[in-house]
Each structure stands twice: as C-alpha cells, then as structure tokens.
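So the structure is just underneath, and the comments pick up after that.
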Amino acid sequence: MTESSANKPANGEVCHRTTNGVKPCRNGFVKNHYHYQQQHQKSCYLEEKVHLRASNGGLYSRPFLESFEETPMLVAVLTYMGYGILTIFGYLRDFLRDWKIEKCHIAREREEQKDFVPLYQDFENFYTRNLYMRIRDSWNRPICSVPGAKVDLVERISHDYNWTFEYTGRVVKDIINMGSYNYLGFAENTGMCAEAAATVTQEYGVGVGSTRQEMGNLDRHKDLEELVARFLGVESAMVFGMGFATNSMNIPALIGKGSVILSDELNHASLVLGARLSGATIRVFKHNNMQSLEKLLRDAIIHGQPRTHRPWKKILIVVEGIYSMEGSVVRLPEVVALKKKYKAYLYLDEAHSIGALGPHGRGVVDYFGLDPHDIDIMMGTFTKSFGAAGGYIGGRKELMDYLCTNSHSAVYATSMSPPVVEQIITSMKCIMGEDGTTIGRERVQQLAENTAYFRRRLQELGFITYGNSDSPVVPMMLYMPAKIGAFGREMLKRNIGVVVVGFPATPIIESRARFCISAAHTKDMLDMTLEKISEVGDLLQLKYSRHRTRPSADRAFEETTYEDSED
C-alpha cells in the first residue's frame with residue numbers, strides 16, 4: 001500500500017500518531033495540526049499533524065506543510081451551546097409568527113391554497129429564517145468598483161433585521177479587499193489587459209450571439225485554446241464560457257453508468273453536480289487521505305460493480321488543486337502514484353490553483369514539478385488568477401475532439417465574449433513572459449511572498465488558521481455563530497472587506513473568515529489588515545490557538561518562496 005507522506009517526515013524525524021483513544025480525523029491524524037519550527041530544532045507534538053517532505057520514493061521535491069489545529073474543547077462546547085440557544089429561540093419565534101404575535105417576513109402559501117400540496121417547505125428553511133437572516137448583512141454586499149486590492153462599497157441599511165435592505169446612496173471608498181479571488185491582481189481597469197480588451201471590443205463587439213458549433217467560433221477562441229494548451233503543457237485544450245458549467249456539463253460527457261467516480265469529500269459543488277448528472281456510481285474518500293482513496297480503488301477493482309461484479313467501465317478520481325474552504329493543497333504526487341498503480345483516470349480541478357501556485361504560475365502540477373501528461377483531464381477557470389470568466393479543459397487531442405461534439409457546454413452554450421477572451425490571452429501571456437516583460441513572473445513571486453507573510457503573522461498573533469503554507473486561501477477560525485456576523489461588521493467598520501463563512505458551507509462547528517491573498521496587496525495593506533484583525537480578535541476573543549508561533553525577526557517580508565528555475 002502506498003504510504004502517506006505524513007507518515008514519513010524528512011530527515012528521519014518522527015511524527016507520532018495519535019494514541020490514548022483520541023479519535024483521529026481526515027488523514028488519520030488528530031486535527032490539531034500545528035507546525036512549530038525553530039532554527040536548530042524541529043519537533044512533532046502529540047495530537048498534532050505535520051506534513052513534511054515525503055521520502056516515499058521521492059514523490060515530493062519540496063516540503064509539504066499543512067496545519068489544522070484542533071478546536072479547543074471549551075470553544076466547541078460554547079459553539080454547540082450557541083447553536084442550541086439560537087434553535088430554541090427560533091422555535092419560539094416561529095410559534096409567535098404562527099399566532100400573528102410577531103410579523104412574518106417569510107414566503108408563505110396563500111390561504112386559498114392551504115389544501116394544495118405545498119410548494120414551499122417551511123420547516124426546511126428554519127435555519128435560513130432564524131439563524132442566517134440575523135447575519136445576512138455579512139453577505140451579498142454590493143461593490144461599485146473594480147474588485148482589486150481596494151474596492152468601493154455601496155452602503156446599505158436594514159430596518160427589519162436584514163429581511164430587506166435600503167441603499168443610502170453613500171459609497172464607502174478604499175476598502176481593503178481581502179475576499180476576491182484576484183490572486184495575481186489582473187482584475188483592473190487600467191493597464192495592458194484593459195487596453196487589449198477595449199480594442200477587441202471595438203473590433204468584435206461584446207457578445208457572439210451563437211454557439212461554437214454554429215456562428216460563434218472566432219479566431220480568438222482558437223488562439224486562446226492553443227495558448228492554454230501551451231501554458232498547461234498538454235496536447236490540446238477547450239475553453240468554455242462558465243467555470244461552473246465546465247465541471248457540471250463536461251463530467252457527464254466523460255463518464256456514465258457502469259463507471260465509478262472516487263471523489264474527495266470536500267470537492268466543489270460543481271464537481272458534485274457533474275458527478276450526479278453523469279449517472280455513475282459515486283464513492284467519497286476522506287479529504288486528502290491516501291489510505292482512504294487506495295482502499296476505494298482496491299475495492300472497486302476487487303469487487304467490481306454491485307450485484308453483477310463485472311469490472312467497472314471507468315474509474316475516475318476527482319480532486320481539486322486548492323480546496324477553497326480549507327486552504328489545503330491536494331497531495332497530487334501520491335494521487336498520481338495511486339492512479340498509475342491501479343490504472344485509473346484522474347480529473348484535476350485547478351480553479352483556485354492555476355496561476356496561484358508553482359514557480360511559473362502553472363498550478364499544482366507546476367508546484368510539485370510533475371509531468372502534465374500524468375493528469376488525464378486538467379480543468380481550471382479563468383475567474384480567479386486571470387481576472388476574467390469561463391473555464392477550460394486540457395488533455396489529449398482525442399479527448400478534446402470528443403468533447404467538441406459531446407459536451408453540452410460546448411454544443412449548447414453561447415461562445416465566450418471576445419473582450420473576456422482577450423483579457424485571458426493578455427494576462428496568460430504576461431504570466432508566461434511572452435509579452436516581453438517580467439511582470440507576470442514578478443506577480444507570481446509577490447503572491448507567494450504575500451501568502452507566506454500573511455499566514456505567518458496570523459499564527460504569530462494567536463489565530464487558528466487552516467490549510468497549506470503556500471495556499472493563498474487562508475481560513476481563520478471563528479467557530480461561534482454570534483462571531484460570524486460580528487467579525488465581518490467590525491472589520492468593515494475598520495475599512496477592511498472580508499468574507500465570513502458558516503454552516504452549511506462549512507461544518508456547523510467550524511465557521512471561519514476566509515482571506516484571499518493577492519499579488520496586488522502591498523505590505524502596508526497587509527500590515528494594516530493584520531493590525532485590524534488583531535484588534536477585532538482581541539475584542540471578540542478569537543485568538544484561540546494554544547501554540548502561538550514566535551515572531552521570526554530573521555525572516556524578511558521579501559523572502560523568496562520559489563527558487564528560480566529554467567523551463
């Protein structure tokens with residue numbers, strides 16, 4: 001059985017597995033994953049997980065560091081108590097609404113249709129009306145500027161506890177944007193990308209008005225697909241107008257009944273929907289757990305299909321590059337090793353990792369130094385690092401020819417808008433250095449430095465953060481339901497825009513704030529943000545970590561994360 005890299009730290013160090021009846025989680029280790037490192041000493045603590053350089057067959061060429069510190073017991077108890085109290089008061093308020101004592105704002109069936117089969121399941125929305133509505137002002141905030149390093153926010157107020165909003169007409173200027181997926185800072189209305197998009201708009205217009213198979217196949221679409229294939233290092237590529245549909249509409253074209261999909265438990269909703277629409281059997285393995293994946297692979301091969309025990313037509317492993325809620329990076333070298341060992345297919349979703357990882361910004365494959373041809377289907381989106389819209393699939397030419405005639409997204413969806421295509425082409429050439437400048441490479445480097453600095457400072461301040469040390473997605477744990485809305489509001493008062501996330505997007509006990517780092521963020525912006533986070537953290541008592549990292553005076557902000565290497 002392939003051994004996980006977590007079991008074999010580098011340099012002969014020993015990382016103890018959990019004992020004394022403590023229940024492990026995810027990849028077999030207790031969830032208190034804190035990495036403590038001194039200049040001359042490294043150690044692994046009981047009830048902690050440390051992923052270091054793997055020595056199993058030399059699969060990893062760089063340290064693989066992830067942290068998932070265990071929720072403190074008192075915080076967990078208080079969090080459950082908070083949800084319990086909210087539930088009790090929710091039932092009380094529903095009782096008052098039924099008796100017309102409290103005004104009811106929710107959608108209800110009309111009285112004359114009370115004997116009909118209900119269209120609206122009232123109880124299923126209990127969480128929405130009694131918990132979500134109390135902090136609804138933390139989401140869907142309208143902005144009126146480019147989603148760059150700073151944004152302008154339209155002010156709104158509510159007089160009925162967030163059931164409806166009223167816009168005041170005031171615009172809050174220069175809010176530091178810590179929530180947009182603008183990893184490389186290409187979401188801008190000035191510069192070469194904006195100029196190129198404006199020029200193409202004048203020549204081609206904004207809309208195409210047709211599908212690729214009819215009158216919507218422009219020369220710029222072909223240019224983009226050739227560029228994407230060259231960027232990824234694959235034979236061919238196809239582009240689509242919507243990132244979500246790239247998954248949900250193409251997976252059913254690739255796999256169907258009589259096949260099995262092995263899906264990571266934290267895969268994105270688009271992957272889950274695509275798998276369900278395909279009609280294939282779906283089996284879920286624990287997040288980033290290679291033992292769980294290998295067991296499913298072995299069972300699929302040994303037992304075959306249910307009842308008939310015939311061999312599966314296809315076995316497809318579906319993973320993501322960076323998981324957007326956890327900030328973790330897929331253990332791709334081990335996944336590829338298992339895929340080869342058991343002769344399965346691999347579908348890699350690089351929505352958040354393409355452009356944001358790797359010394360050349362080519363995603364998680366580049367990050368681990370792997371051969372792109374080892375990945376059967378490479379999927380990604382243009383909505384994050386490229387500041388545009390849409391998605392792509394890369395792989396063998398035969399696969400692209402098949403999708404061209406069998407993918408619903410390719411056959412029925414309108415072609416990608418020309419200015420959007422030009423935005424992607426210009427930004428991708430910039431990343432590759434084909435524009436004659438080093439701007440793209442500098443932005444990739446700056447993102448890596450910003451990420452390392454921001455994560456390190458949060459840990460030094462005493463916050464619990466999740467994910468990989470190189471992931472620009474940085475979840476910071478809030479836990480308690482009352483602190484979800486409070487943190488978002490308090491940060492906004494200090495001119496910092498953040499995204500807060502709670503149930504059902506996360507487990508009920510693991511509410512969090514999710515920061516997205518960008519190359520466009522300056523050190524002053526990050527320092528101001530960290531100062532305000534620390535201030536609000538003290539106000540709301542969010543510094544839960546029991547293993548506060550000591551400040552490292554010897555690590556400069558400008559430290560190089562990626563070594564320069566030749567293509």
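Because the structure is a prediction, the values reported are computed rather than measured. Each residue takes its place number in the sequence, starting with 1.
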Subject >> Residue list, salt bridge (Lys or Arg N to Asp or Glu O under 4.0 Å) with Asp152, at least two apart or on another chain >> reply: Lys173
Subject >> Residues which pass ring pair (Phe, Tyr, Trp, His ring centres under 6.0 Å) with Phe240, listed by chain and number, not counting sequence neighbours >> reply: none
**OP:** May I ask you to test the His521-Met178 pair for a side-chain heavy-atom distance under 4.5 Å?
**Re:** yes
Original post:
Taking the side chain as C-beta and beyond, is there a heavy-atom pair between Ile322 and Tyr183 under 4.5 Å?
Top reply: no
Subject >> Inter- and intrachain pairs under salt bridge (charged side-chain N to carboxylate O under 4.0 Å, His left out), touching residues 351-361, at least two apart >> reply: none
Original post:
Will you find, in the side chains of Asn247 and Asp349, an N or O donor that is under 3.5 Å from an N or O acceptor?
Top reply: yes
Subject >> Set of residues satisfying side-chain hydrogen bond (donor to acceptor under 3.5 Å, both in side chains) with respect to Ser180, sequence neighbours excluded >> reply: Asn177
**OP:** Name all pairs fulfilling the salt bridge (charged side-chain N to carboxylate O under 4.0 Å, His left out) condition that reach into residues 175-193, sequence neighbours left out, sorted by first residue then second.
**Re:** Glu188-Arg443
**OP:** Applying salt bridge (Lys or Arg N to Asp or Glu O under 4.0 Å), name anything that partners Asp137, two or more places apart in sequence or on another chain.
**Re:** Arg489
Original post:
Side chains of Leu447 and Leu184: does their closest heavy-atom pair fall under 4.5 Å?
Top reply: yes
Original post:
Looking only at side chains, do Asp527 and Tyr453 share a donor and an acceptor under 3.5 Å apart?
Top reply: yes
Original post:
Considering residues at least two apart in sequence or located in another chain, which fulfil the salt bridge (Lys or Arg N to Asp or Glu O under 4.0 Å) criterion with Asp174?
Top reply: none
Original post:
What residues form a ring pair (Phe, Tyr, Trp, His ring centres under 6.0 Å) with Tyr347, not counting sequence neighbours?
Top reply: none
Subject >> Atom CE of Met325: over 12 foreign heavy atoms under 6.0 Å >> reply: yes
Original post:
Asp524 and Thr522: side-chain donor and acceptor closer than 3.5 Å?
Top reply: no
**OP:** Give every residue pair that meets the side chain to side chain donor-acceptor pair (under 3.5 Å) criterion with at least one member in residues 219-240, sequence neighbours excluded.
**Re:** Tyr204-Asp219, Arg212-Glu225, Arg220-Asp223, Arg220-Glu422, Arg230-Glu434
Subject >> Any residue meeting salt bridge (Lys or Arg N to Asp or Glu O under 4.0 Å) with Glu535, in chain and number order, not counting sequence neighbours >> reply: Arg494
Subject >> Verdict with reasoning, Asp376 to Lys339, per side chain to side chain contact (heavy atoms under 4.5 Å, CB included) >> reply: CA-CA 10 Å; Asp376 299 289; Lys339 170 246 178 186; 2.9 Å; yes
Subject >> Identified side-chain contact (heavy atoms from CB on, under 4.5 Å) partner of Tyr323 from the options Val329, Val330, Asn468 >> reply: Val330
**OP:** Any ring-ring contact (aromatic ring centres under 6.0 Å, His included) involving residues 407-441? Give me the pairs, sequence neighbours left out, ordered by first then second residue.
**Re:** His408-Tyr412
Subject >> Partners passing ring pair (Phe, Tyr, Trp, His ring centres under 6.0 Å) against Phe231 (at least two apart in sequence or in another chain) >> reply: none
